[in-house]
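Notes follow once the structure below has been shown.
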Amino acid sequence: MHTKNLLILSLYLLIITGCITKKSISTAYKEQYRPQFHFSPPAKWMNDPNGMLFYKGTYHLFYQHYPESNVWGPMHWGHATSTDLVHWKNKPIALFPDSLGYIFSGSAVADMNNTTGFAKKGEVPLIAIFTHHSVELQKEGRNDFENQSLAYSLDDGETWNKYSGNPVLKNPGIKDYRDPKVMWYEAQKKWIMTLATSDHITFYSSTDLKNWTKESEFGRDLGAHGGVWECPDLFPIDFEDEQKWVLLVSVGTGAPNGGSAVQYFIGDFNGKTFTPTDKKTKWIDYGTDNYAGVTWSNTGKRNIFMGWMSNLQYAMVVPTVIWRSAMTTPRELSIKTVGQEFFLTSKPVRELNKVIRKSELSKNVKVLDTLDLTSSFEKSNAQIQLKFNSNQLKDYRIILSNNLNEQLIIGYDQKENQYYIDRRNAGDYSFSKKFGTKQIAPRLSNSDSTDINLLIDLASVEFFSDGGLNVMTSIFFPTKPFSRLQIQSANGIVLQSLTCSSIKRIWN
Ligand code: FRU
């Protein structure tokens with residue numbers, strides 16, 4: 001075993017034996033490829049974000065977790081909390097598998113009116129609604145091995161108890177029947193559950209979270225169907241004087257750049273049925289690494305989204321040892337129109353500014369051939385923001401590199417009107433044939449000016465352009481951290497402004 005792996009193993013042993021100190025945690029979060037300003041679990045496997053709930057000033061994040069290995073296995077809900085969506089505190093595991101099965105994905109709500117009766121009069125229980133996935137029933141060849149269950153917390157999310165009447169929503173014989181996302185529908189004073197049911201969504205309603213009535217189905221003949229539908233989310237969003245409804249649906253295969261991604265529909269919801277305004281398939285993120293993302297519950301008018309920053313094609317074999325996978329930066333969602341069409345935009349939450357050390361803003365910057373920004377890019381966690389003058393949207397390449405000639409290229413191809421992220425020579429891709437790719441995204445905006453917001457961590461980049469209309473998230477594994485930054489444009493561009501700021505690490 002390599003010395004590096006031995007070190008990692010001993011660190012992990014320290015964590016699981018409980019001998020971990022604050023100091024060794026901060027060492028763990030300094031591992032090669034460890035995200036510096038993104039959430040990643042202290043150790044072992046993580047996939048989907050679950051139970052995202054804001055309550056009494058705390059953002060709860062639960063996540064699909066297998067604490068015994070760095071590959072997928074019997075699912076638990078790991079837990080972390082934050083008061084600012086930036087700094088995270090790791091908490092004990094919230095839900096363990098039991099006789100009804102593994103704890104698959106789901107959501108959490110604050111039961112403000114104590115409709116479940118789980119709390120004393122006048123108190124508010126927090127409720128987790130999740131899928132119990134029974135491997136025993138699956139092995140027997142049955143179709144009804146996924147059922148929906150509840151857990152509740154009477155101490156504001158610190159500890160959780162499973163409901164004795166589980167499951168509360170029994171499977172009618174649909175093999176993939178999972179990932180309940182529940183919201184309070186104030187207009188009709190009832191709970192709505194949005195459930196992934198194989199190749200479509202089923203909406204259910206309830207007044208007490210325990211008894212559920214089927215309302216409608218959506219999507220058999222709409223959207224992308226390269227794989228089963230998973231991890232849906234339904235929420236209202238303000239647009240000018242109207243309220244629109246957004247339905248997010250993850251799909252396991254058939255994403256624009258391969259593998260898994262999140263598609264969405266914008267439309268109306270009347271407490272029973274969801275009606276989309278158009279029939280096009282839209283993607284929240286064209287990059288390869290944003291899956292199973294949903295929004296936080298109980299955040300008022302803000303719609304805050306976070307996804308799992310990986311892809312089902314290679315998530316289990318990426319070259320990290322002590323832990324596997326991170327989450328995307330939390331993003332605020334809004335609606336924008338292009339022509340008559342509605343689209344979602346994503347922007348990093350404003351709270352991230354807490355850890356961004358803003359640098360001088362350069363104005364009217366000419367990029368002729370190559371502009372070297374290495375001197376302002378001393379760390380590999382950075383935010384780069386570019387604003388283009390009108391009619392300056394021409395071919396450009398933003399290149400991150402190291403002295404081993406590994407490079408990640410983020411760019412725009414004017415002829416094709418496409419953005420791209422090219423990680424074909426960005427370091428290690430030997431672990432999967434699917435990884436060393438160039439990802440492309442059609443430009444959605446029709447404006448003649450543009451802007452870019454780029455978030456760079458040790459092993460990921462998040463590219464937001466045109467006010468967040470186009471988003472691409474991509475992970476990468478350079479042999480040595482990227483330390484050089486250049487912008488290139490063969491035909492020359494004039495930038496209205498340019499900032500290159502460093503981002504402080506969040507793990508101390
Ligand atoms: C999505 C998913 C969910 C499921 C969970 C199991 O990545 O397949 O549909 O609940 O992962 O870990």
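Side chains are part of it too, since the values below use all heavy atoms of this structure and drop only hydrogens, waters and symmetry mates. Just follow the structure's listing: the first ligand is 1, and inside any ligand the first atom is 1. The structure displayed is predicted, hence computed values, not measured ones.
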Ligand-residue contact atoms, ligand 1 with Phe104, heavy atoms, under 4.0 Å:
4 (C), 6 (C), 10 (O)

of all protein heavy atoms, closest to atom 2 (C) of ligand 1 is Asp48 OD2, 3.4 Å

Cation-pi between Lys347 and Phe464: NZ/CZ under 6.0 Å from ring centre and within 45° of the ring axis?
no

May I ask you to check if ligand 1 and Asp179 share an N or O to N or O distance below 3.5 Å?
yes

Quick one, Glu230 and Phe104 - any side-chain contact, counting heavy atoms below 4.5 Å?
no

Using a strict cut-off of 4.0 Å, indicate which atoms of ligand 1 neighbour a heavy atom of Arg178.
3 (C), 4 (C), 9 (O), 10 (O)

Check contact between Thr131 and ligand 1, using heavy atoms of the residue and a distance below 4.0 angstrom.
no

shortest atom 6 (C) of ligand 1-to-protein heavy-atom contact is with Gln64 OE1, 3.1 Å

Looking only at heavy atoms, what is the nearest atom pair of Met183 and Pro236, with distance?
CE-CD, 4.4 Å

Any carboxylate oxygen within less than 4.0 angstrom of a Lys/Arg side-chain nitrogen, looking at Lys181 and Asp179?
no

What is the nearest protein non-hydrogen atom to atom 8 (O) of ligand 1, stated with its residue, atom name and distance?
Glu230 OE2, 2.8 Å

Check the orientation of Phe130 and His132. Use parallel for under 30°, tilted for 30 to 60°, and perpendicular for over 60°.
perpendicular

Does even one non-hydrogen atom of Tyr102 get within less than 4.0 Å of ligand 1?
no

